[in-house]
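All remarks here apply to the structure that follows.
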Amino acid sequence: MRNKTNWKATILLMVGAILILFPLYLTVTIAFKTPQEMSGNLLALPENWTFDNFIRAIEITNFPNALGNSVFVTALTVLIVITTHSMVAYAIARNMHKKFYKFLYFYFISAMFIPFPIIMLPLVLQTSAWGMDNLVGLAFLNGVMHLAFNVFIYVGYVKTLPIELEEAATIDGASQWKVFWKIIFPMMMPMHATVAILTALAAWNDFMLPLVILSDSSMYTLPLVQYAFQGQFSTDYNLAFASYLMAMLPMIVLYIFVQKWIIGGVMRGSLK
Amino acid sequence: MKKDHVFLLMVLPAFLLFFIFHTYPALQGIFYSFTNFRGYGDWNFVGFFNYINVFQDGRAMSAYVFTFQFAIVSTILVNIFSLLVAIGLNSKIKFRKTLRATYFLPFILSVLIVSYIFQFMFAHMLPQFGQAFGIDFLSRNILGDQNLAWLGIVTVAVWQSTAFNTLLYLAGLSTVDDQVYEAADIDGANSWAKFWRLTFPLIAPFFTINMVVAMKNFLMAFDQIIALTGGGPGRATESISLLIYRGGFEGGQFAYQSANAVLYFIIIVAISVIQLRILERREVK
Amino acid sequence: MVKKQAGVFTGAVGLSVLLAGCGGGTGTGDDGATIELFSNKSESIGTYERLIEQFESEHPEISVNLEAPPEAETVLRTRLTRGDMPDIMSIGGNATYGELAREGVFYDLSESGLTDEVQDSYVDMLSQLAGPEHDAPYGLPYATNANHVIYNKEKVEELGIEIPQDWGDFINALETAEDAGETPIYFTLQEAWTGMAIWNAVAGNIVDEDFAERKNAGEATFVEEYDEVADKMLELLEYGHSDNFGVGYGDGNTAFANGGSVFYIQGNWAIPEILESNPDIELGTFTLPSNDDAEENELVSGVDVVLTVSETTEHSEEALTFLEFMIEQEVAEQYIDEQSAFSAVEGVYQEDEVFDGIREYFEDDRLTSFPDHYYPAGMGVENLVQDFLINQNKQESLEEIDSEWDFNRNR
């Protein structure tokens, strides 16, 4: 009885999907049009698909450099987050009965409620005084900003792992350190995936933190470059949209290939 | 090495990073809020002077009013839409995987870039549409209208944030056992009643989390506003984050905006706590 | 299942690190010095890039990085907070310049002799901004501007409009344009700052030049002295198009270039942008005659670009070399040609016939400065003016501008 296809819902959802896809359709078509075609029907497909806009955008915005910056920051952030956050979450999860660790847990979690602007102004002073107004500094700060959420879901996951395995290993003479890296860390793999996805997406798309932290435009990440070149794009929307499309493309391509995995990762995180 | 020491060692890197780059700047911010520091140069203590001024500051007040208006409306809309989409995606439909992937797509895109794209649509497409169909309020760029510009920002926020919240609701719905429905079907309950009596109570915890998370994110709105309106027209869409950024740097109001940020923090904590209390009490019922 | 995911995950990270390794390299290169040129104008990016190329070929040991971000003043302040000032700053001669000069972030140019090469009156204008206690030459006035009305020559001739000399003339001209079915003025008020081009043009000929000084001393208010300015702004607004607050500067330039209106109230900086959209358009300029008395109408002009060197730079020598390069006659000429600007460098004149209508003001020294250059930075007056134009509530808006000014000193 419940196996009949719900066509009403299917159609409604397809209409909604058009609303989601429309801005992207517009981005793609405008990016391939010539400025002359802009005065015609904005919804039409390009008459001759031109790559000129992309070539100009790559040149003007120095796209390879920005892409490199974004990839570097994202990769380093994920690396920092996976190692330090899983470690601290494990320690907390196994010692929740102790006052100190319980305190630590709530201390970290409370950061979820601290708005970024309250630390923004002093952070700018501090990072530049310490020579951290660069991509490496940005990656470490990203790690700090995501600590609260990551600890929250890591701790939730570690609690579900059976403690017997560790106890057996410890009896066999393995140090606690080894137990973590050899046994627990690999077992946390599904959660690593979730954390990596969410952190990578946030780091990749972040705008405000790089805006105030990075001092040199040669370090700008992809979103920041779009902002920095608004003046040069001016009313050349074809150029601008080509640049936007290129900035979004790496994530979109990745998403198309591993979307099942990304969605699964995010859903797993939310069930913790 | 002793077991306890190893645990301490594991805590250390994250703790140090967090303390040095989160707690310490936060304390510094509180400290500076009692001074007249401009971000450079000399400074003196001024006591509660900055705090008293924030309360008399029309610009700050309008930023708070706008931010809350935007955050509340967006939170409600996002949750309505994402719940609807999630229920739709959870029912027996065709192309489920493709549709689910489509609805989640906005989540992976940069807020800033999406806002630039919408900015173009508001300026160049909607007015054409409005003129063609004789819809008066759409025949001009809504971002240029003080009474409508915020709706443009809400539109972008809803378009983008529905993705993530839909997924959270889907996760919630996946925990609901089909047998519950079958029992209800036998009882002959209609779908509206089924939703409120069965589904909703079961996914209530997800509703709570969604409300709190969405609200908190919208209260910090920055990227969308920079790209869509820059805070205008006038100061109609200047959010608190934008005000702190602009005033704190451009205006040389480092200390003053630090005081503003502290108040902002207190308000966010208060709201989150109230939200959790109210929503959790409802869950218990 | 777990294993498969792990593989993908490691692969993704590995690939990312690999990519980062390829893209990260942006070092300074050889042993030469790299100096940073920070500019607050998006309009001059192309010109600066060409000049930098020329400079670098003449001075292969120095390389220059141009930075021209949006909201440049905010970015510059952020960098001041960071203690990371650019080596050379090319900024406007406004309140921010004055404040930074007082803060001591600029290198004192008196020993370089550079300021002898530029017109004294502009050097004086800058020291006025910095205040009496900081009258050393901290900045090199480079380009100056004019805030005027730009008109579409073809349309004006077609309509038989004479260049207006006083307010009554101007309103008549707008009426003529409107009666002929044209849009008289193209407003671009979605971007608040464009409202200031009008505000300054109107106020420049109505409000006394010492207003800011008296306002700071508590002896003057906007409510009392900007009443006429406010009325006239609203009067102008009646001659706009259907979406005055929905169009931005870039789109406005394009629209005006393609015959969107007869008049356009903007500074000289808009002219190259307009010509880029439509190289064939014939443009003319005249001063906005906001005063009822033709004799009182002067041209609003200020220092558009002042070149400064950071006090803390390690490359002051290279920076000064760049400044010397900039004031060479040919370079200065190239700058004003491309930018449709006016030069502060002695002996360099703007010959473009677009400016025929305002040339005499320069020659007769009938110039007045931008009123808002003396307003406190950070009060965000442009948004208040934009708000006033939208809501058209004169009394309330002027009171708010007054209180924001006073309040800004408490922040």
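Chain letters run A, B, ... following the sequence lines, proteins first and then strands; every chain starts at 1.
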With only heavy atoms counted, which part of [X] is less than 4.5 Å from chain B, the side chain, the backbone, both or neither?
X      : value
A:L245 : neither
A:Y227 : both
A:Q259 : side chain
A:V151 : neither
A:I256 : neither
A:F207 : both
A:K8   : neither
A:I30  : side chain
A:L13  : both

Do [X] and [Y] come close enough that some side-chain heavy atom pair is under 4.5 Å?
X      : Y      : result
A:Y107 : B:F19  : yes
B:I226 : A:M208 : no
B:V11  : A:Y101 : yes
B:I20  : A:W130 : yes

Taking all non-hydrogen atoms of both residues into account, name the closest pair between [X] and [Y] and its distance.
X      : Y      : value
B:P25  : A:P122 : O-CG, 3.3 Å
B:M125 : A:L26  : SD-CD2, 3.3 Å
B:M10  : A:A91  : CB-CB, 4.1 Å

Any idea how A:F108 and B:F15 line up, ring-wise: parallel (<30°), tilted (30 to 60°), or perpendicular (>60°)?
-> tilted
After noting the C-alpha distance and the side-chain angles of A:Y244 and B:Y116, does the key distance pass the ring-ring contact (aromatic ring centres under 6.0 Å, His included) rule?
-> CA-CA 9 Å; A:Y244 300 157; B:Y116 280 132; 5.6 Å; yes
Residue [X] versus chain A: region with a heavy atom under 4.5 Å:
X      : answer
B:Y32  : side chain
B:L17  : both
B:K216 : side chain
B:F31  : neither
B:L12  : neither

